[in-house]
Structures are given as C-alpha cells and as structure tokens.
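Keep in mind it's a predicted model, so treat the numbers as computed, not measured. In what follows, residues are counted from 1 in the order of the sequence shown. We count ligands from 1, going down the list as the structure has it; atoms in each ligand are counted the same way.
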Amino acid sequence: MQLLVNIDHIATLRNARGEGYPDPIRAARVCEEAGAAGIVFHLRGDRRHIRDDDVYRLKEVVRGRLDFEMAATEEMLTICTDVVPELATLVPESREELTTEGGLNMKTVFDDFRERVVPRLQEKGIVISLFLDPVPDDIERAAELGAEAIELHTGRYANAESPEDARKELKRLRDGAELAHRLGLTVNAGHGLNLKNLGALVENVPHLHDISIGHALVSDALFYGLKTTVGKYIGIMKQAGVETKSNQ
Ligand code: PXP
C-alpha cells in the first residue's frame, strides 16, 4: 500500500489570486521527500485547478508514480498520450460538479472505452485505472475491458452519516476489493479520505495498492505543514499494520 498525494488544491489556491504561488510542483517535491510514493493530478476540461503547463512540469519532476486523472475526452487523451504518465485514472466529469461525484458506469462506457480509449493508452504503455463505485457488475466489466487497475470510490464511506452506514460501506468496499483482486486487477482507492477515516479503511479493506488523497491532506497542511501532514497519513497506514512503500 502506498500514498499518492493529489495536489489539485495547491493549484486551486494559486489560481485564486492569479499569482505563481503556491506552486503545485514544489508541493509535489515536498510530498515525495516526505515519503509519498507518487503524485495525482486531475486536469479538468475547464482547467479550474491544474493547467497544461503544470502537467508537463510534473512529468519532469515527479520521481515516483504519476497518476493523470482525467475524463476520457479526445482532448485529454491527446495530452495524456503526449505526457505519458505511469498511470491514467479515468473518471466521469461534469462541468457543474464541485468534485468527481461518482464512479464510471461501465455498462454505458464499455464499447467506447474498448474501441477509442484503451488501445490509445495501452499502446503508450500507460496503466489504466477506472474509478468505480464498489459495484460487482462494474468491476467485472473493468476486468473484461482489459484495464490493469480500478480505483474504488471511497466517497460514500467518507460521507457516511452514521457508524452503521460507514460499516455497510466498508463491507461493500471490502467485497469490491476482493472481487477485483480475484479478477487480477490492482485495487486503488480514494475520495474524501482524511486523518479520521483513513485508519478504518486500510484496516478493513484488503489488497489496497495506491491510496489517493487530496483535499483533506492539503487542508491539514495549512496547520501542520505539508511534510508533517504527509508523515501523519503514512503513519496511519503503518499503524494499521500494512506495509507501506515510498519512492525514497
Ligand atoms: N480519486 C479520484 C478519482 C478523485 O476524483 C479525487 C478528487 O479529485 C480523489 C481521488 C481525491 O479526493 P479528495 O480530494 O477528496 O481526497
């Protein structure tokens, strides 16, 4: 298991004043120095946080795993196959949403992804990860499509309104992770994770590989500093008795 830090909201803060700081690339460097195994960014169609030149600078600087989160539009496929990150995480994207709201509906996207998306990414050697809710049918279709990985959407778990709901969601995530693992898929997870809910996730859901965390981690960094904050998240993973890996 390893921590990948999503640095989108360092760019959000930078863009708020149109200045060059804080620099998301500098943040990426600090995260890796602090033990993160890689960096995630989401280049959105509206460029509300990460911009094209950030992507190329990240490619230069990031030493660990670089995860390019994107909608499967022609524009993003062109940029992604030019940059060639280690991993592309495909997500649904709508203009109005504040953040990614749900996983892909594999039934709807299957034919399009098989014909238009998967061959273009795989021919460049880019690992494909599909952002999914823990729905067995979607996970089975991801394997059938030939993706190497899925990212389980942990948002519902993170936003559960009662301990009972959180337990139910953890069970769905555990079952989803087990199914994906049986089908030979790498299992990643992310969305809404923070210092309070990460521990129970990593204790209860097996086979997790990359854990992608952004908004809460960047917010915590305002109070603890980025380096210390990354250490706190990795500490939680270690405390759960799971082996963590960093690129150090
Ligand atoms: N994984 C995916 C697919 C996402 O869309 C996001 C949000 O950009 C994250 C992980 C990180 O979520 P958060 O910012 O809530 O930690």
Side-chain angles (χ1 to χ4, degrees), residues 1-13 15 24 27-28 31 36-51 54-55 58 65-73 76 80 85 87-106 109 127-135 138-139 142 147 149-160 169 173 176-177 180 186-199 201-202 205 208-222 226 229-230 232-234 236-237:
M1 183 184 313
Q2 54 188 20
L3 174 68
L4 302 196
V5 178
N6 178 317
I7 47 136
D8 292 349
H9 295 300
I10 306 277
T12 305
L13 188 54
N15 299 352
C31 290
I39 299 297
V40 190
F41 63 89
H42 184 174
L43 185 66
R44 298 186 69 104
D46 62 9
R47 308 300 196 273
R48 67 175 73 158
H49 35 59
I50 295 294
R51 299 173 181 151
D54 295 326
V55 176
L58 284 166
R65 202 156 159 86
L66 187 62
D67 180 357
F68 189 147
E69 193 188 312
M70 61 186 228
T73 59
M76 288 305 147
C80 188
L87 187 77
T89 297
L90 301 176
V91 300
E93 185 177 302
S94 84
R95 206 163 259 280
E96 300 75 29
E97 68 190 2
L98 289 176
T99 181
T100 316
E101 282 171 352
L104 292 161
N105 179 335
M106 288 306 297
V109 302
V127 172
I128 298 174
S129 179
L130 302 170
F131 187 53
L132 301 181
D133 292 304
V135 173
D138 284 327
I139 296 168
I150 61 163
E151 179 177 326
L152 287 172
H153 185 358
T154 53
R156 251 218 228 188
Y157 158 66
N159 295 325
E169 268 309 303
L173 290 164
T186 299
V187 186
N188 302 326
H191 213 283
L193 297 174
N194 60 36
L195 289 171
K196 289 203 178 114
N197 62 27
L198 178 62
L201 178 86
V202 297
V205 181
L208 294 177
H209 192 266
D210 297 345
I211 307 283
S212 164
I213 308 182
H215 189 257
L217 190 153
V218 168
S219 306
D220 291 331
L222 291 175
L226 190 51
T229 300
V230 169
K232 280 178 185 282
Y233 279 84
I234 292 174
I236 290 172
M237 293 182 185

Run through all N or O atoms in ligand 1 and write down each protein N or O closer than 3.5 Å, as a pair with its distance.
unit_1   : atom_1 : unit_2 : atom_2 : d
ligand 1 : 1 (N)  : Glu151 : OE2    : 2.5
ligand 1 : 5 (O)  : Glu69  : OE2    : 2.5
ligand 1 : 5 (O)  : Thr100 : OG1    : 2.8
ligand 1 : 14 (O) : His215 : N      : 2.9
ligand 1 : 15 (O) : Gly192 : N      : 2.8
ligand 1 : 16 (O) : Gly214 : N      : 2.8

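The distance from atom CG of Leu208 to atom CD of Gln2, rounded to the nearest 0.5 Å, is 11.5 Å. Distance check, rounded to the nearest 0.5 Å: OG1 of Thr154 to CG of Asp133 gives 10.0 Å.
Inter-residue side-chain proximity for Phe41 and Asp54 is flagged as unmet; no heavy-atom pair is nearer than 4.5 Å. Side-chain contact between Met1 and His209 is absent, with no heavy atoms from C-beta onward closer than 4.5 Å.
Counting only N and O atoms by type, the side chains of Asp220 and Thr229 include no donor and acceptor under 3.5 Å apart. The closest side-chain donor-acceptor pair between Arg51 and Asn15 falls under 3.5 angstrom.
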